[in-house]
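In listed order, ligands and their atoms are each counted from 1.
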Amino acid sequence: MIRPQFFYDTLASYGIDFYAGVPDSLLKNLCAYITDHADANHNIIAANEGGAMGLAAGHYLATGQIPVVYMQNSGEGNIINPLASLTDPDVYNIPVLLVIGWRGKPGVHDEPQHVKQGKVTTGLLNVMGIDYTVLSKEEDKAETQIQKAIAYMQASKQCYALVIEKDTFEDYKLQNVDKNDLIMSREEAVQTVAEALGEKDCIVSTTGMISRELFEYRTAMNQGHERDFLTVGSMGHASQIALGIALAQPERRVWCFDGDGAAIMHMGSMAIVANKAPKNYIHVIFNNGAHDSVGGQPTVGLKMDLPAVAKAVGYNACYSVETNEYLAELLSKVKIMEGPVLLEVKVKKGNRKDLGRPTTTPVENKEALMNFLNE
Ligand SMILES: Cc1ncc(C[n+]2csc(CCOP(=O)(O)OP(=O)(O)O)c2C)c(N)n1
């Protein structure tokens, strides 16, 4: 395996010291190392991967230095547009070193949302004309690959990708953790909100542990899973899936269980919710200020006022809570209020170590939900 420090120092020896990206579980140790060692203006955890490409391009324009964009392969979709219309040699011809975590690599078992993306990861790079290599897990070989990648980018001014398999980087534990006084766990909060729902209400929950915690809650309560759409992939789009349902079924209350990272990833969607003004829409953001599901790297979630954003774009009512007691009290009002309502629930980072994963397939989930919605 490669030491994150080796990778970081090797790039630094070529003058590469600017990083932007969205964290990934396969890159957890590398992302943690970068978070701890790069200064705040040289490691920007972007709202989404497309934004990271923009940051990287800006850095290159200002410095002439090759920047790095790190991401999970699910972020490839978000970078296709900047790859085709910003960095491509047919447009501005800007070199960016892409570091892409390869979830769902064919032959390696992974969760359903990674299977398709895993199959098309290198194909998408091919079709976009991006040269790439799968990074070796041996440092001396990796060093040669990095050297070649940089020589190629310097000569051609084109992007290049290092594709990262599972278990490429050695362990590194994030030191630079923002401290706060939050006491409520996300799982506790998810349960309290789920408990407050009416019989006909449905939930669209976001990518990562929020959906897993909701799934386990239903199982523990001996309830079915038919009222919940677990958006296992498509990070940042749960609020729009919920909006689609809410507009089509105005008599039913629709709850979006969002994460701060996901809500911020496509924050413009909040303006669309507000503009459509569905009275039956409740947007709950479980805000731990982190991409907890992929290693806990910071988001700007706790450094901004999410309810104020929602208010400014036109949500009908906006609240923020930090304790389970106040959450339960507020829910008794919110569940009968006219939407769209934004409820920010500030929670601490972390999860139960034995947290399971959905045992039903995405298609089973979809069919059960559609039956429930059409009963
Ligand atoms: C487009 C895209 N980029 C990155 C990921 C990897 N990913 C999965 S969950 C997650 C973090 C989600 O953070 P947040 O919404 O704050 O919820 P939390 O995990 O903190 O509960 C990330 C980055 C992804 N699934 N899709």
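In this structure, Thr299 falls outside the shell of residues with a heavy atom less than 4.0 angstrom from ligand 1. Ligand 1 has Val294 within reach: a non-hydrogen atom of the residue lies less than 4.0 Å from it. By the 4.0 Å heavy-atom criterion, Met265 is counted among the residues contacting ligand 1.
When only non-hydrogen protein atoms are considered, atom 17 (O) of ligand 1 lies nearest to Gly259 CA, 4.0 Å. The single protein non-hydrogen atom nearest to atom 10 (C) of ligand 1 is Met235 SD, 3.7 Å, given as residue, atom name and distance. Counting only heavy atoms of the protein, atom 11 (C) of ligand 1 lies nearest to His291 ND1, 3.5 Å. The closest protein non-hydrogen atom to atom 14 (P) of ligand 1 is Gly261 N, 3.5 Å. Closest protein heavy atom to atom 25 (N) of ligand 1: Gln72 OE1, 3.4 Å. Of the protein's heavy atoms, Glu49 OE2, 2.6 Å lies nearest to atom 3 (N) of ligand 1. Scanning the protein for heavy atoms near atom 20 (O) of ligand 1, the closest one is Ala290 O, 2.7 Å.
Of the candidates Asn351, Asp292, Asn287, Asp292 is the only one forming a side chain to side chain donor-acceptor pair (under 3.5 Å) with Arg186. With Glu187 as the partner, the salt bridge (charged side-chain N to carboxylate O under 4.0 Å, His left out) test is satisfied by one option alone out of Lys348, Arg212, Arg352: Arg352.
Inspection of the Gln297 and Thr35 side chains reveals no N or O donor paired with an N or O acceptor under 3.5 Å. Using modelled atom types and a 3.5 Å distance limit, the side chains of Glu188 and Asn324 yield a donor-acceptor pair. Checked by atom type, the side-chain pair Ser25/Arg103 shows a donor-acceptor distance below 3.5 Å.
In terms of polar-atom proximity, Thr207 is not counted as a contact of ligand 1, lacking any N or O under 3.5 Å from an N or O of the ligand. Considering backbone and side-chain N/O of Gly208, none are found under 3.5 Å from N/O of ligand 1. Below 3.5 Å of separation, one finds an N or O of Arg186 facing an N or O of ligand 1. Between Ile210 and ligand 1, a contact under 3.5 Å exists for no N or O pair. For ligand 1, one of its N or O atoms has an N or O atom of Ser74 under 3.5 Å away. In terms of polar-atom proximity, defined here as any N/O pair under 3.5 Å, Ser293 does make such a contact with ligand 1.
Residues Lys335 and Asp201 are not paired through a salt bridge, judged by the lack of any N-O separation under 4.0 Å between the basic side chain and the carboxylate.
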Please set out all donor-acceptor pairs under 3.5 angstrom arising from side-chain atoms of residues 37-44, sequence neighbours excluded.
from  : atom 1 : to    : atom 2 : distance (Å)
His37 : ND1    : Tyr33 : O      : 2.9
Asp39 : OD1    : Asn41 : N      : 2.8
Asp39 : OD1    : His42 : N      : 3.4
Asp39 : OD1    : His42 : ND1    : 3.3
Asp39 : OD2    : His42 : ND1    : 3.0
Asn43 : OD1    : Tyr70 : OH     : 2.8

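Under 4.0 angstrom from ligand 1, the non-hydrogen atoms of Asn288 all belong to its side chain. Contacts of Asn78 with ligand 1, taken as heavy-atom pairs under 4.0 Å, involve the side chain alone.
Shown here for Met270 and Val313, the closest heavy-atom pair between the two residues is O-CG2, 3.8 Å. Summarising the geometry of Met370 relative to Asn374, their closest heavy-atom pair is O-ND2, 2.7 Å, with the distance given to 0.1 Å.
Between Phe18 and His59, the ring-plane angle classifies as parallel under the 30° and 60° cut-offs.
Counting only distance, with no hydrogens or angles, the side chain of Asn29 and the backbone of Tyr172 share a donor-acceptor pair below 3.5 Å.
Which of Ala262, Gly50, Gly296, Ala263 comes nearest to atom 15 (O) of ligand 1 through a heavy atom is settled by distance: it is Ala262.
Close approach of ligand 1 to Asp260 is summarised as follows: ligand atoms under 4.0 Å from at least one heavy atom of the residue are 15 (O), 16 (O). For ligand 1, the atoms lying closer than 4.0 Å to a non-hydrogen atom of Asp292 are 18 (P), 19 (O), 20 (O). Set against the non-hydrogen atoms of Pro23, the atoms of ligand 1 under 4.0 Å away are 23 (C).
Among residues at least two apart or in separate chains, there is no ring-ring contact (aromatic ring centres under 6.0 Å, His included) pair with a member in residues 105-134.
More than 12 heavy atoms of other residues, nucleotides or ligands lie within 6.0 Å of CG in Asn176, so this atom counts as buried by the packing criterion.
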